[in-house]
Amino acid sequence: MAKGGLDAQARQGYTLIAPPFLYALLILAAPLLTILAYSFLTDGYLEVVRDFTWANYAQVWTDPIVRTVMLRSLTVSALVTLVTVLLAFPVAYYVSFMVRPEKKATWLFLITIPFWTSYLIRVFLWKVILGYNGVINSSLTGLGIIDEPLTFILYNVNSIVITLAHAYAPFAILPIFVALEKIDRSLLEAGRDLGESRAMTFWRVTLPLAMPGVLAAVLIVFIPTIGDYVTPELIGGGKIPMIANLIQVQMLALDNRPLGSALAVTAMAIVALVSIVFLLINRRFLKVRS
Amino acid sequence: MSETRFDRLDAAKPMIECRGVHKHYGDYHALRGIDLTIRAGEFFSLLGPSGCGKTTLLRTIAGFEDISDGVILIDQKHMEEVPANKRPTNMVFQSYAIFPHLTVAQNVAFGLRRDPRGKAEKAALVEEALAMVGLRGFGNRAAHALSGGQRQRVALARALILKPKVLLLDEPLSALDRKMREQMQVELIKLQRQVGITFVLVTHDQEEALVMSDRIAVMFEGEIAQLDGPEALYARPANRRVADFIGVMNFLPARILAEAEGTVTVEAPGLGVVDLPARQVSRANPDDEGPSIGFRPETMTLVGANQTHSQPRETSATIDEVVYYGDMTYYDLRLDGAAAIDGRARPVRISMRNVFGRDVQEVGTRTRLAWSPGSLVLFR
């Protein structure tokens, strides 16, 4: 009797989650599986031949161009993550510790303002700011500070890092802010009470307790930036492609969908590996807190 | 005759001195001129209702709050320019403030970072401190795996390992259940005698203050209303408010009939006319409700119909309410003639210990109340 009741309950549960589950399957799993399947097929002329092959992966893992672009993607992504998190921490710290409680909501609201315009427009505006005849260069030459436009800020890794760091700043600020908010303020007083200066209290108490937020920010920035397509295309001027641009070229321009798929799967595997490492580090900090 | 603890404390040098300490938060005047001397080795309590400024005072001593005016000295040194981390005080926080990312041993060793001693020596110190608070062998536990009482002990060990001149305790027992609290009260007293450090305890629990303290400062609205030992505070409260806050006290409106050579003759409804010597008269009465007579529930005795007693005075009364507590019974009584002054009958509360052979009396019973004028206090 009891068992029958439980089964009915389970059935009801499955019925309830069935529509969103199917939706998730369709939206998330199906495209992934398609890409995975494509990556093992053979490229024919204007069509995909259904012959199983490892050749795509062999090419991806041996091609020096792919390796260069993949390493560049990782480097750019790591740089963006570093810059974003390092800049986000003081902002989150300021909002959490210095801003009066009733003003915090306003501050968070202001931080999200960049989201009000489309990502594409934000990226394009950076091009206007950093460009050869852009805001920075024309002001500096106009003021006579420099004779000819600075070139290290356009069409290179620096400009990509600047643009992406700005675009992902709120994503880094918010998790760090949440972690800082959760810190019991009496812990900081206890640190001072036990003889530590403000700086040492920050180092020994605040920072370790904020680490889960910092690591979350790292993941949230690192994962999407490694696959970013728009910024290298617009800011990089197409001259410094990242992995997403390479995938686009294979998939659309060269119509080599199996190779593009193998690239995508490889990129995903690398991101997954890095993420798992960070998750394992984070476990150490989360374990103590629960 | 051997020297008592109180003689020693009286002779001790002052450890904390507050002189004219004021604290303003914007328009709010949290501390209004605190003058206070806490002696070395004393177990001192700041007692008062929430919002009376007792925690603020403790935090100014610890250095977490600046003072707006006045002077604080700890061990004869001015504390004005001394930040919290340089003061010879350590604190046990209300929330215990145990670092969640560290183990018990790391928590206890937190303040030893700049101590020049070696690693092994420090580990021995930590183990010794943990043993002192009854947590031997708990060093490797994670902080989050501790119960409330254990957290409190870790907080104590973490502060005491630094051998501060003053240990500040901010309502340390308020989060514990009753049994645990009573056990910790006794342990804290023992610990304080053992280490000989000056303890300053903030509490809103009058019973806790009476049990643990050598002296108690009762605070209301940023001022010290009375500073005395527990017995003096209980038996001779400085004003009605203190009397009302510490334990239970009955108040009856009184009429002053005559005053001569320090002795006041008063009439209280139900009690008749009594002569009270000066030591039973409290002049500080901020509430200005007119004079009143106060007495504690346990100072009067219910006498059965056929019983005799040796008290000088006796009053007839009717039992309105009986509250049975196991070891005690509380009786709410209506004294005959209690409504004489303004027509309002005021029940008074009497407590009787339930001893073998004495029956608990029933509601509505006529009874006699035996008492002595010596137990009365006049507030005027």
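As a basis for the values below, the full set of heavy atoms in this structure was taken, side chains included, without hydrogen atoms, waters or symmetry mates. In what follows, every chain begins at residue 1, and chains take the letters A, B, ... in the order their sequences are listed.
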Subject >> Atom group of I98(B) that falls short of 4.5 Å from chain A, counting heavy atoms >> reply: backbone

Subject >> Lys NZ or Arg CZ of R185(A) over F97(A) ring: under 6.0 Å, within 45° >> reply: yes

Original post:
Just by distance, with hydrogens left out, do E208(B) and T203(B) show a side-chain donor and acceptor under 3.5 Å apart?
Top reply: yes

Original post:
Measuring heavy-atom distances to chain B, does R204(A) have an atom under 4.5 Å in its side chain, in its backbone, in both, or in neither?
Top reply: both

**OP:** I would like to know whether T56(B) and R59(B) meet side chain to side chain contact (heavy atoms under 4.5 Å, CB included); could you show each step before the answer?
**Re:** CA-CA 5 Å; T56(B) 306; R59(B) 291 173 57 81; 5.8 Å; no

Original post:
Looking at F138(B), does the NZ or CZ of R141(B) lie under 6.0 angstrom from its six-membered ring centre and within 45 degrees of the ring axis?
Top reply: yes

Original post:
Which answer fits F110(B), side chain, backbone, both or neither, if we ask what part of it has an atom under 4.5 Å from a heavy atom of chain A?
Top reply: both

Original post:
Based on non-hydrogen pairs under 4.5 Å, which of Q94(B), R114(B), M91(B), R113(B) is most in contact with chain A?
Top reply: R113(B)

Subject >> Side-chain donor/acceptor of K54(B) to backbone N/O of M219(B), under 3.5 Å >> reply: no

**OP:** Sort out for me which of R158(B), R87(B), K86(B) touches chain A most, counting heavy-atom pairs under 4.5 Å.
**Re:** R158(B)

